[in-house]
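The structure under discussion appears below in the form of structure tokens.
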Amino acid sequence: MGETLLDISNLNKSFETAGGPVQALHNVELHVEEGEFITVIGPSGCGKSTLLRIVAGLDGGYSGTVTLEGAKINGPGIDKGFIFQEHRLFPWLTVEKNIASDLSLRDPGVRKKVDELIELVKLKGFEKSYPRELSGGMAQRVAIARALLRNPKILLLDEPFGALDAFTRAHMQTVLLDIWRTNRTTMIFVTHDIDEAVFLGNRVVILEPRPGKIRKIVGIDLPYPRKKATASFQELRLKVLSEFEKVEELELTDGAGI
Amino acid sequence: MSNRAAAIRTAGKPGKGAQVLLGLLLPVTVLALWQALGHYGLISDLLFPTPYTIAASFASLAVSGDLWSNLRISAVRVLLGFALGGGLGLVFGILVGLFKRSEKLLDPSLQMIRMIPSLAVVPLFILWFGIGEESKVLLIAKAAFFPLYINTFMGIRSVDNKLFEVSRVLGFSRPKQILKLVLPGAVPNIMLGARLSLGLSWLGLVVAELIASTSGIGYMMSDARQFADTPVVFVGILIFAVCGLLSDTAMRLIEHRLLRWKESCKG
């Protein structure tokens with residue numbers, strides 16, 4: 001691990017609703033080091049997506065400080081890659097053109113990097129396919145490649161595998177870990193699946209709702225690649241789970257194995 | 001569509017040849033009946049010349065070359081009018097779609113002009129531009145303008161907001177946002193508008209040529225009407241029908257090419 005890349009201090013954010021203001025995030029404090037893999041977990045309504053969108057620069061109107069490499073975050077940009085729950089590919093572009101998006105494939109530099117990324121996300125042979133011809137997992141891999149092409153300092157993933165079936169999801173987790181270990185891109189990964197959080201993260205950030213705040217940060221000191229069917233994995237999983245059960249209004253929609 | 005679904009579909013339906021025959025059944029029967037009724041003098045030959053007479057009239061017009069010279073003139077008018085009106089419709093649609101301010105400035109006036117029937121402006125156009133080509137091309141252009149304008153405008157406004165968010169995250173510049181997101185996203189609507197515009201161009205042509213013209217298919221028809229040469233009127237109607245169909249088919253081919261990425265356009 002290296003220096004602090006992302007600094008979140010005293011972050012507060014509230015939304016105006018018809019029934020008055022609702023506090024979405026309360027005094028959130030998080031320091032992410034370069035190369036770290038952070039997973040964020042919490043019941044729905046705990047503000048985990050809001051947190052991610054603030055880091056991405058998509059949402060403003062908060063108080064506190066959020067800095068990336070010491071600089072205040074001013075709107076979205078390519079230094080902060082973002083993967084949405086849906087793949088959000090441009091339906092009229094082929095896989096390789098989606099990855100390039102606003103860049104030209106005729107640029108040899110872009111061409112070379114796109115080819116490397118297609119290799120990295122294991123989509124060789126699908127360069128000329130349209131998004132409608134891809135499975136959910138493949139499309140999400142294209143979205144990841146599209147973000148990585150821009151060399152982001154940090155990759156923010158908002159429940160990216162939430163819509164995938166269990167097998168594809170497990171496969172995608174492995175692919176993502178491969179990418180992380182190859183590129184050492186810092187990751188913040190939001191999920192509502194405890195197994196996924198423990199399997200992927202160096203640290204698991206547990207949020208609690210109303211108002212959204214950090215309940216606990218659990219370090220996952222297991223070597224990669226991790227095996228889910230081991231005692232040490234299950235021990236840490238239980239630790240995260242017990243924190244979870246302390247959260248008053250447990251609202252897990254997909255609490256695998258609870 | 002999956003192969004399985006395709007297989008079920010073809011299995012449940014008659015073959016392609018049989019389908020064509022089925023489609024021809026009604027028109028062929030009508031033509032035969034028409035011919036028989038005319039042949040035995042049961043319907044007026046003046047009002048309903050038999051298909052055979054119409055075909056003979058078509059042949060003589062084709063041989064003399066009148067048909068082709070008139071058709072060329074009409075086709076050029078349609079193409080010019082469509083290019084002018086449709087082109088402007090596209091440009092204004094993009095302007096109004098992209099900028100709220102230009103919407104406020106232009107859209108109310110354009111919507112007002114849209115409500116004016118083409119026939120109502122014919123006298124004015126003739127006064128202003130004479131009965132030469134200008135008035136006809138402009139009349140067609142007026143007809144062609146609105147479908148493309150409205151559909152381009154709508155297409156731009158209906159581009160998925162989620163993709164806009166993606167373009168912000170990927171750091172698209174404003175021009176790239178327009179070229180790489182807004183315009184491609186609006187293409188399905190733009191193509192629909194173009195098809196409707198081209199159809200209306202042919203309608204505009206008929207209006208322009210029937211009212212004041214000295215050439216073109218419409219002129220050929222109104223001239224024939226003066227001499228009660230009904231078969232020529234029928235030939236004209238047929239020509240308009242075929243031309244309309246051909247130009248729409250051409251547009252659909254373009255649409256199909258441009259929208260290959262869409263599921264509904266497959267097969």
Side-chain angles (χ1 to χ4, degrees), chain A residues 49 52-60 73-95 97-105 110 128-135 139-140 142-158, chain B residues 1-6 90 94 97-98 151-152 154-194 251-267:
Chain A
S49 286
L52 209 60
R53 289 177 63 89
I54 288 173
V55 174
L58 285 168
D59 285 356
I73 286 170
N74 259 331
I78 55 172
D79 52 344
K80 305 171 289 283
F82 201 101
I83 307 295
F84 299 90
Q85 179 163 10
E86 330 86 69
H87 58 72
R88 297 203 190 178
L89 299 177
F90 299 110
W92 52 84
L93 295 181
T94 57
V95 164
K97 286 187 179 158
N98 254 296
I99 296 174
S101 286
D102 62 328
L103 308 172
S104 171
L105 280 172
V110 174
K128 310 274 187 225
S129 301
Y130 285 100
R132 68 169 161 81
E133 297 165 321
L134 305 177
S135 68
Q140 204 56 289
V142 179
I144 292 171
R146 180 170 71 179
L148 290 177
L149 178 68
R150 280 127 187 111
N151 285 325
K153 293 185 184 122
I154 191 164
L155 192 59
L156 309 162
L157 305 102
D158 188 7
Chain B
M1 189 196 308
S2 75
N3 286 334
R4 213 172 103 86
L90 185 66
I94 290 171
L98 288 180
N151 282 288
T152 305
M154 266 182 42
I156 286 176
R157 286 294 162 88
S158 62
V159 171
D160 194 350
N161 244 326
K162 291 182 167 180
L163 291 180
F164 265 107
E165 221 167 53
V166 170
S167 77
R168 291 173 62 209
V169 168
L170 293 179
F172 279 26
S173 62
R174 183 72 178 150
K176 280 275 164 68
Q177 215 170 35
I178 292 169
L179 280 175
K180 296 275 183 166
L181 171 61
V182 174
L183 291 183
V187 163
N189 283 73
I190 292 175
M191 281 315 297
L192 174 68
M251 278 308 228
R252 277 168 60 184
L253 283 176
I254 297 172
E255 188 178 19
H256 193 85
R257 265 197 70 85
L258 286 177
L259 300 182
R260 257 175 317 184
W261 51 271
K262 271 194 122 181
E263 197 142 29
S264 56
C265 283
K266 207 178 171 189

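Just the heavy atoms: all of them, side chains too, but no hydrogens, waters or symmetry mates, feed the values below. Chain naming here is simple, since letters A, B, ... match the order of the sequence lines and numbering starts at 1 in each.
- Within the 4.5 angstrom heavy-atom criterion, only side-chain atoms of B/K176, from C-beta onward, approach chain A.
- Within the 4.5 angstrom heavy-atom criterion, only side-chain atoms of A/R150, from C-beta onward, approach chain B.
- Atom CZ of B/R252 is surrounded by 12 or fewer heavy atoms from other residues, nucleotides or ligands within 6.0 Å.
- No other option in A/G77, A/G75, A/P91, A/G81 has as many heavy-atom pairs under 4.5 Å with chain B as A/P91.
- Note that CD1 of A/I78 and CG of A/L103 are 8.0 Å apart. Values are rounded to the nearest 0.5 Å.
- We find the CG-CG distance between B/L192 and B/N151 to be 4.5 Å, quoted to the nearest 0.5 Å.
- Residues A/S101 and B/K180 share a closest heavy-atom pair of O-NZ, 3.6 Å.
- At a 4.5 Å heavy-atom cutoff, B/L179 makes no contact with chain A through either its backbone or its side chain.
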Give the intermediate values and the outcome of side-chain contact (heavy atoms from CB on, under 4.5 Å) for residues B/I94 and B/V182. CA-CA 9 Å; B/I94 290 171; B/V182 174; over 6 Å; no
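- Interface remark: A/L89 contributes backbone atoms only to the contact with chain B (heavy atom separation under 4.5 Å).
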